[in-house]
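This report concerns only the one structure given below.
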There are 2 protein chains.
Amino acid sequence: VGPEALLLWKSKSTFTSFGVFFLQMGWGDLGAFGEPSKETPNLDQMASEGMLFLDFYTANPLCSPSRAALLTGRLPVRNGFYTTNAHARNAYTPQDIVGGISDSELLLPELLKKAGYINKIIGKWHLGHRPQFHPLKHGFDEWFGSPNCHFGPFDNRALPNIPVYRDWEMIGRYYEDFKIDLKTGEANLTQIYLQEALDFISKQQASQQPFFLYWAIDATHAPVYASKQFLGTSQRGLYGDAVREIDDSIGKILKHLQKLGISENTFVFFTSDNGAALISAPKQGGSNGRFLCGKQTTFEGGMREPAIAWWPGHIPAGGVSHQLGNVMDLFTTSLSLAGLQPPGDRQIDGIDLLPAILQGKLIDRPIFYYRGNEMMAVRVGLYKAHYWTWSNSWEEYSKGIDFCPGQNVSGVTTHTQEEHTTLPLLFHLGRDPGEKYPLSFASDEYQRAMERISVIVQQHKATMVPGEPQLNVCDKAVMNWSPPGCEKLGKCLKPPKSDPKKCFWPH
Amino acid sequence: VGPEALLLWKSKSTFTSFGVFFLQMGWGDLGAFGEPSKETPNLDQMASEGMLFLDFYTANPLCSPSRAALLTGRLPVRNGFYTTNAHARNAYTPQDIVGGISDSELLLPELLKKAGYINKIIGKWHLGHRPQFHPLKHGFDEWFGSPNCHFGPFDNRALPNIPVYRDWEMIGRYYEDFKIDLKTGEANLTQIYLQEALDFISKQQASQQPFFLYWAIDATHAPVYASKQFLGTSQRGLYGDAVREIDDSIGKILKHLQKLGISENTFVFFTSDNGAALISAPKQGGSNGRFLCGKQTTFEGGMREPAIAWWPGHIPAGGVSHQLGNVMDLFTTSLSLAGLQPPGDRQIDGIDLLPAILQGKLIDRPIFYYRGNEMMAVRVGLYKAHYWTWSNSWEEYSKGIDFCPGQNVSGVTTHTQEEHTTLPLLFHLGRDPGEKYPLSFASDEYQRAMERISVIVQQHKATMVPGEPQLNVCDKAVMNWSPPGCEKLGKCLKPPKSDPKKCFWPH
């Protein structure tokens, strides 16, 4: 998990697109979404100049699968970013994961390349760190960032420190060459990522080369960090400092586009890969506003995301949309902006949001809430039906791991996996955005809504062809021991013997 | 409880003031404060043209005491709007209350009169319904509305229906002459209150007479209602319909001021008398955003309120203030606008907010959270110390009366009155606006903050002279049996024998 961005630009033609796909910033972390400290003036201004999406979702309550979904336009259960080791488990790409993004998946940058785009990812990739999963093998032309989260520091014996790449090769490791002070929370990484973005944009503008920039920074992911000049500047503590720095950076990127005169052909989208991690709150976790629970769960707090579209001169300023949106739509929408068709040989879950963004249309479509291999819930219109409920196990909860701190809705935030497939729990998200009051099973409203929802779910399940699960096997031998380029730096480490095992996913 | 408004205008001079003091609209009910349906375009525009207060409080988590505090500038424990029948109990003015606003209290309209203002209250008075408490005996020149909440319908035998007054006399009763359809939620009362406001403003403008308008409507108080044209228009159900109608009405009032050319000398303030009543949710209750609990409690959800100041040409558009504010400040601020001094013979708790509103200054002052006769908590800067915690009793809770539905913070949302006076529970509201994570008693931060807070609390308690409690005695004989004017309407009812008793306040 970590924040990210999308940027797509075509000179002299119609656009650039730049989507900030933000790690773990919750729905309630922006002033425009009601954060009581209101410390995001740049994002709030982005919203007032662009369009705010109030009903926008990620494809998964966890980082890697959401990122894979964004770049493939497909649900994780289709693109392989899930596990079948146990029922309904969140899985991602830690260092010992063997899998990653399959060559058979078509990623957005691969497709944009055909239309002449130069594609760059800045920040966390998270779709697999083994050589075959390298982003430059999957359509990106440039990369500055890391394959995994900035966890650490590690001892380089049991665990190697996470490498930072420039393009094909590593140029150092976190905590060694790229410092993060866990005591003070100081790290200047966001400033480095900002400069990378500004330089890339300048270069592309100078060469009149259309581009796609995916800015996937992760300062708001625990361990949270901020640069010195932002430390202590927020009412919200270190997490707020990180948010302020990200907000400031996005303001600078947007101003840079304006200064270069390309803002009117640059489509920019800001969103997040999962809800705020309430387990890290209050010091290292954000806010999901009034929504239930957070990251790891399929309640609204886990999957409803802040979202802003910005494209001066095209998107009406100050617009607000209730279009049900999903990060997967950024795949289809970007292709549409580039004049490309989505691949016809596979199921694409993302839709083209341009009619919603440019003409204020509302496109009827469901939102599916998956946890691993299970469809936990579905939203149709204002109704959300839970087919399964689970926060986490009693065992984990009793150890203090709480995905819903201070919240407890009887029969909803359950600590055992509760099946409701024959009689789903139904909520009206307009009257009850906090998912506290299930509708009466006997009510006409329940009957009417479920009739509609059941057809959609039946069709979804009947046509679902799950992909080969990529997140089942773990092996310490595949960790970032000797990434390409390590020799030049004298940073190659000796891997242990291969010992593949089923990964353990506790929730 | 019921929404209200303040309007103060001085022709050719500096201003009018118009404060919407809104019944039970929670902090999270406005789009500008992050309500996910974003259905308050007029209030949001009011905020974008004026100043948003993010840290604004009411003086009590219940209606009558808050209204008494607004109009006197004094805490309820000083102005008598509290009970000593039991410890830390919320009390208000039901029909059988014997007490009301004392003649010894000086109300804002009484003082403004001396500066030539014409004062009108539209909506719910709630400071006592017996003859000596009539608003026209306490400084108002005009009244259209009711002395109590629009509960009912009653049978006129055990309980009389609530009268609606025009000035000195009743002109009908709720459910009889002023219809509220509990089945459909239809009532056109907000439209009537709106027309009253527009007519009053036109009249005052025509006669160049400065005025103070207190618009205290209560459509969002259960039983919630809306006019036919607003029914079914909200994503949020009937409560949302009521909010939309109020939002629309406020938009019309502001436009009316602009059309008459007096907006630049009209000071308008919008706020609420208590947090959203979560016991009435989801159908009849609003949202307190991410704050803890609601009406009846001294957690943030019970007392932090949406607040907007509007005064075109004077208040910088789009401003946001973190000034700790309180409804009592509207008393002092309005006097300041009128060039009047607050009374010097008594303790006034409200401060003049003009430096915060006009010059962006931050005035250091504490916020006290009272429940009846007890100071439950205090906020100083970003710290809030709870000296007592209580949601409600186990007995009530077990009957399904829940002031914190879906929320449960161990040791905080307690169902017994927990005393923490020797070691208060301390929260940092910037990092933890939801009051979920008490600071460690052993931390330096706790020590430093409590040193400062203790001095403030000590001084507050040492100088506190409680007023004579007005909400101790109840008597069925004092109900609205025969209000003035009932003879003309044939609506006089026979009161039962007087039988004064201690009122019972369960929470």
Side-chain angles (χ1 to χ4, degrees), chain A residues 26-28 30-39 41 44-45 48 52 54-55 234-240 278 281-285 287-292 300-301 304 318 320-322 381-382 402 404-410 412-413 427-437 439, chain B residues 26-28 30-39 41 44-45 48 52 54-55 234-240 278 281-285 287-292 300-301 304 318 320-322 381-382 402 404-410 412-413 427-437 439:
Chain A
W27 197 91
L30 276 64
F33 287 84
E35 205 291 316
S37 302
K38 218 171 168 68
E39 293 178 344
D44 296 354
Q45 192 179 333
S48 74
L52 203 60
L54 295 163
D55 300 76
S234 166
Q235 289 194 355
R236 304 178 69 196
L238 181 57
Y239 182 88
L278 301 184
K283 288 200 177 162
Q284 310 241 343
S287 162
N288 299 313
R290 66 178 298 198
F291 294 125
L292 190 61
E300 292 297 284
R304 203 187 301 200
V320 170
S321 178
H322 282 291
L382 284 165
D402 189 353
C404 319
Q407 296 178 315
N408 176 28
V409 182
S410 178
V412 180
T413 54
F427 295 91
H428 186 282
L429 294 179
R431 299 194 298 266
D432 177 24
E435 295 167 282
K436 288 178 185 169
Y437 307 96
L439 267 71
Chain B
W27 196 92
L30 277 63
F33 288 84
E35 205 291 314
S37 302
K38 219 168 165 68
E39 293 178 343
D44 295 355
Q45 191 178 336
S48 73
L52 204 60
L54 295 163
D55 299 78
S234 166
Q235 289 195 353
R236 305 179 68 197
L238 181 57
Y239 182 88
L278 301 184
K283 288 200 178 161
Q284 310 240 343
S287 162
N288 300 313
R290 65 178 298 199
F291 295 125
L292 190 61
E300 292 298 285
R304 205 189 297 202
V320 171
S321 178
H322 282 291
L382 283 166
D402 189 352
C404 319
Q407 298 178 315
N408 176 28
V409 183
S410 177
V412 179
T413 55
F427 295 91
H428 186 282
L429 294 178
R431 299 194 299 266
D432 177 25
E435 295 168 283
K436 288 177 184 168
Y437 307 96
L439 268 71

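Worth knowing before you read on, the calculation uses all heavy atoms, side chains too, and leaves out hydrogens, waters and symmetry mates. In what follows, chains are A, B, ... by sequence order, proteins preceding strands, each numbered from 1.
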Pick one of side chain, backbone, both or neither for [X], based on which atoms fall under 4.5 Å of a heavy atom in chain A.
{"X": "B:L52", "value": "side chain"}
{"X": "B:Y437", "value": "side chain"}
{"X": "B:P405", "value": "both"}

| request: Heavy atoms only, distances under 4.5 angstrom: which of A:C404, A:G28, A:P36, A:G289 has the most pairs with chain B? Name it, please. | output: A:P36

| Taking A:L382, A:D432, A:L238, A:V409 one by one, which has the highest count of heavy-atom pairs under 4.5 Å against chain B? | A:L382

Is the side chain of [X] donor-acceptor paired with the backbone N or O of [Y] at a distance under 3.5 Å, no angle test?
{"X": "A:E435", "Y": "A:E300", "result": "yes"}
{"X": "B:E39", "Y": "B:Q235", "result": "yes"}
{"X": "B:K38", "Y": "A:L54", "result": "no"}

| field | Check: B:R290 and A:E35 side chains under 4.5 Å, non-hydrogen atoms | value | yes

Pick from [options] with the largest number of heavy-atom pairs that fall under 4.5 Å of chain A:
{"options": "B:A32, B:A281, B:S410", "result": "B:A281"}
{"options": "B:Q407, B:R431, B:H428", "result": "B:R431"}
{"options": "B:G434, B:S37, B:G285, B:G237", "result": "B:S37"}

| query | Who passes salt bridge (charged side-chain N to carboxylate O under 4.0 Å, His left out) against A:D55, sequence neighbours left out? | reply | A:R304, A:R379

| query | Between B:L292 and B:V412, which heavy-atom pair has the shortest distance, and what is it? | reply | CD2-CG1, 4.0 Å

